Amino acid sequence: MSPTAAAEPYLDAVAALTDAELESFYRDMALARAFDRQATNLQRQGQLALWPPSFGQEAAQVGSARAARSQDHIFPSYREHAVCMIRGVDPLDIIRLMRGVTHGGWDPFDPKNGNTHIYTLVLASQTLHATGFATGLVYDKKQGTGNLDTDEAVIVYYGDGASSQGDVHEAMVFAASTQTPQVFFLQNNQWAISVPVATQSRAPLYRRGEGYGMPSIQVDGNDVLANYAVTRDALDGARSGGGPRAIEAVTYRRGAHTTSDDPTKYRTSEEEEAWALRDPILRMRAFLENRGASESFFTDIDAEGDDLAEDARARTVALGGIPADSMFENVYSEPHPVIEEQRAWLARYEASMGEDAS
């Protein structure tokens with residue numbers, strides 16, 4: 001089948017990928033799924049307070065994350081496990097956040113975390129954070145110099161449900177006005193918890209970006225190569241001074257919204273089975289097999305995924321708790337009498353329960 005006219009501008013980016021790079025895309029997706037499956041199990045077994053599965057969305061995340069350059073800044077929502085892993089974030093730091101033993105998860109300014117900012121569980125607020133940061137890049141003249149190796153850009157992830165929040169539209173207003181070096185990456189996984197995308201919008205979601213004057217595109221979110229090529233082009237266009245862009249990756253959340261959700265209450269098994277046939281990992285495996293990838297390659301990746309999952313389990317179980325009074329830290333930059341009184345009240349309350357209180 002010949003490429004469509006819409007695909008033509010991106011063919012060179014895909015053709016330039018080496019066999020090793022193509023295989024790394026598969027590895028990224030497979031390892032992210034192995035980790036995600038283990039984390040879901042850990043939550044079911046009482047080790048985590050909550051877990052938002054990324055099952056089914058690996059291609060959109062891996063393709064876009066691999067398209068970002070090392071100097072770029074990543075603003076995730078709360079489901080971008082594959083993105084974080086690719087950028088260098090320790091998966092245990094995501095676990096710690098969902099277990100409730102850290103107030104942030106990781107330090108976004110630690111070089112080992114690849115300019116990856118912390119998860120945002122408040123829907124869409126990360127789009128405002130990203131736009132503010134990208135505005136700073138404009139003022140600091142860190143974009144638009146013509147050097148792709150040093151100019152910086154921002155990519156912010158959000159979902160179809162979050163796209164209905166006012167924050168997204170406010171962020172797009174300011175991004176367009178300031179011409180920020182920014183990509184709005186929307187993962188349309190079809191369901192905002194139990195509300196289908198057809199109810200959320202009467203038009204394709206990428207067209208919302210067009211309403212703010214941004215170059216906008218819709219891409220098959222289960223094609224890792226298409227996501228890579230489209231995002232690389234969008235980020236490079238933004239970092240070069242061309243202003244913000246918007247991408248809608250059409251994918252499917254095969255798991256629950258979070259582990260507190262039961263998707264059988266609002267969607268059919270027929271729908272789930274239809275999307276299972278478009279699984280991004282199976283799709284990439286078939287592509288690599290047709291290119292001559294050996295069976296041992298896939299076997300080795302499966303074993304690596306098992307090791308990653310077991311390591312995540314062992315380190316999660318070994319995690320301790322967090323002192324209750326740590327909630328009072330970092331509320332203000334300086335000591336505050338109200339906070340100190342609250343800390344003292346908690347201490348008195350816990351002491352009143354006796355030594356055997358848990």
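Being a predicted model, the structure only gives us computed values, none of them experimental.
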May I ask you to decide whether Asp72 forms a salt bridge with Arg69, counting only side-chain N to carboxylate O separations under 4.0 Å? no

In terms of the angle between their ring planes, are His169 and Tyr212 parallel, tilted or perpendicular, with boundaries placed at 30° and 60°? tilted

Between Asn115 and Gln71, do the side chains contain a donor N or O and an acceptor N or O under 3.5 Å apart? no

Looking only at heavy atoms, what is the nearest atom pair of Ala59 and Gly221, with distance? CB-O, 3.4 Å

For the residue pair Thr145 and Asn147, confirm or rule out a side-chain donor-acceptor distance under 3.5 Å. no

Carboxylate-amine/guanidinium contact Asp279 Arg33, below 4.0 Å: yes

Polar side-chain atom of Thr258 near backbone of Ser260 as donor-acceptor pair, under 3.5 Å: yes

Could you tabulate the donor-acceptor pairs under 3.5 Å formed by side-chain atoms of residues 177-193, not counting sequence neighbours?
{"from": "Ser177", "atom 1": "OG", "to": "Val173", "atom 2": "O", "distance (Å)": "2.8"}
{"from": "Thr178", "atom 1": "OG1", "to": "Phe174", "atom 2": "O", "distance (Å)": "2.9"}
{"from": "Gln179", "atom 1": "NE2", "to": "Ala176", "atom 2": "O", "distance (Å)": "2.9"}
{"from": "Thr180", "atom 1": "OG1", "to": "Gln182", "atom 2": "OE1", "distance (Å)": "2.8"}
{"from": "Gln182", "atom 1": "OE1", "to": "Thr131", "atom 2": "OG1", "distance (Å)": "3.4"}
{"from": "Gln182", "atom 1": "NE2", "to": "Thr131", "atom 2": "OG1", "distance (Å)": "2.9"}
{"from": "Gln187", "atom 1": "OE1", "to": "Gln57", "atom 2": "NE2", "distance (Å)": "2.9"}
{"from": "Gln187", "atom 1": "OE1", "to": "Gln61", "atom 2": "NE2", "distance (Å)": "3.4"}
{"from": "Gln187", "atom 1": "NE2", "to": "Glu80", "atom 2": "OE2", "distance (Å)": "2.7"}
{"from": "Asn188", "atom 1": "OD1", "to": "Gln190", "atom 2": "N", "distance (Å)": "3.0"}
{"from": "Asn188", "atom 1": "ND2", "to": "Glu248", "atom 2": "OE2", "distance (Å)": "2.9"}
{"from": "Asn189", "atom 1": "OD1", "to": "Trp191", "atom 2": "N", "distance (Å)": "3.3"}
{"from": "Asn189", "atom 1": "ND2", "to": "Gln57", "atom 2": "OE1", "distance (Å)": "2.9"}
{"from": "Gln190", "atom 1": "NE2", "to": "Asn188", "atom 2": "O", "distance (Å)": "3.4"}
{"from": "Gln190", "atom 1": "NE2", "to": "Thr251", "atom 2": "O", "distance (Å)": "3.1"}
{"from": "Trp191", "atom 1": "NE1", "to": "Glu271", "atom 2": "OE2", "distance (Å)": "2.7"}

May I ask you to decide whether Arg239 forms a salt bridge with Asp236, counting only side-chain N to carboxylate O separations under 4.0 Å? yes

Backbone of Glu270 reached by a side-chain donor or acceptor of Glu273 within 3.5 Å: no

Could you grab the distance from atom CZ of Arg202 to atom CZ of Arg207, nearest 0.5 Å is fine? 15.0 Å

Who clusters with Phe25? Use side-chain heavy atoms, under 4.5 angstrom, across I, L, V, M, F, W and Y, and order the result by chain and number. Val14, Leu17, Leu22, Tyr26, Met29, Val62, Ile86, Val224, Leu225, Tyr228, Ile281, Met284, Phe287, Leu288, Phe297, Phe298, Ile301

Hey, are Asp36 and Trp51 close enough side-chain-wise for a donor-acceptor pair under 3.5 Å? yes

Do Tyr119 and His81 get their side chains close enough for a donor-acceptor pair, meaning under 3.5 Å? yes

Residue pairs passing the salt bridge (Lys or Arg N to Asp or Glu O under 4.0 Å) test with at least one member in residues 316-331, sequence neighbours excluded, are Asp325-Arg343

Using a distance-only test with no angle check, is there a side-chain donor-acceptor pair under 3.5 angstrom linking Ser216 and Arg245? no

Is a donor from one side chain sitting under 3.5 angstrom from an acceptor on the other, for Ser64 and Tyr157? yes

Check Glu23 with Arg27, please: is the shortest side-chain N to carboxylate O separation under 4.0 Å? no

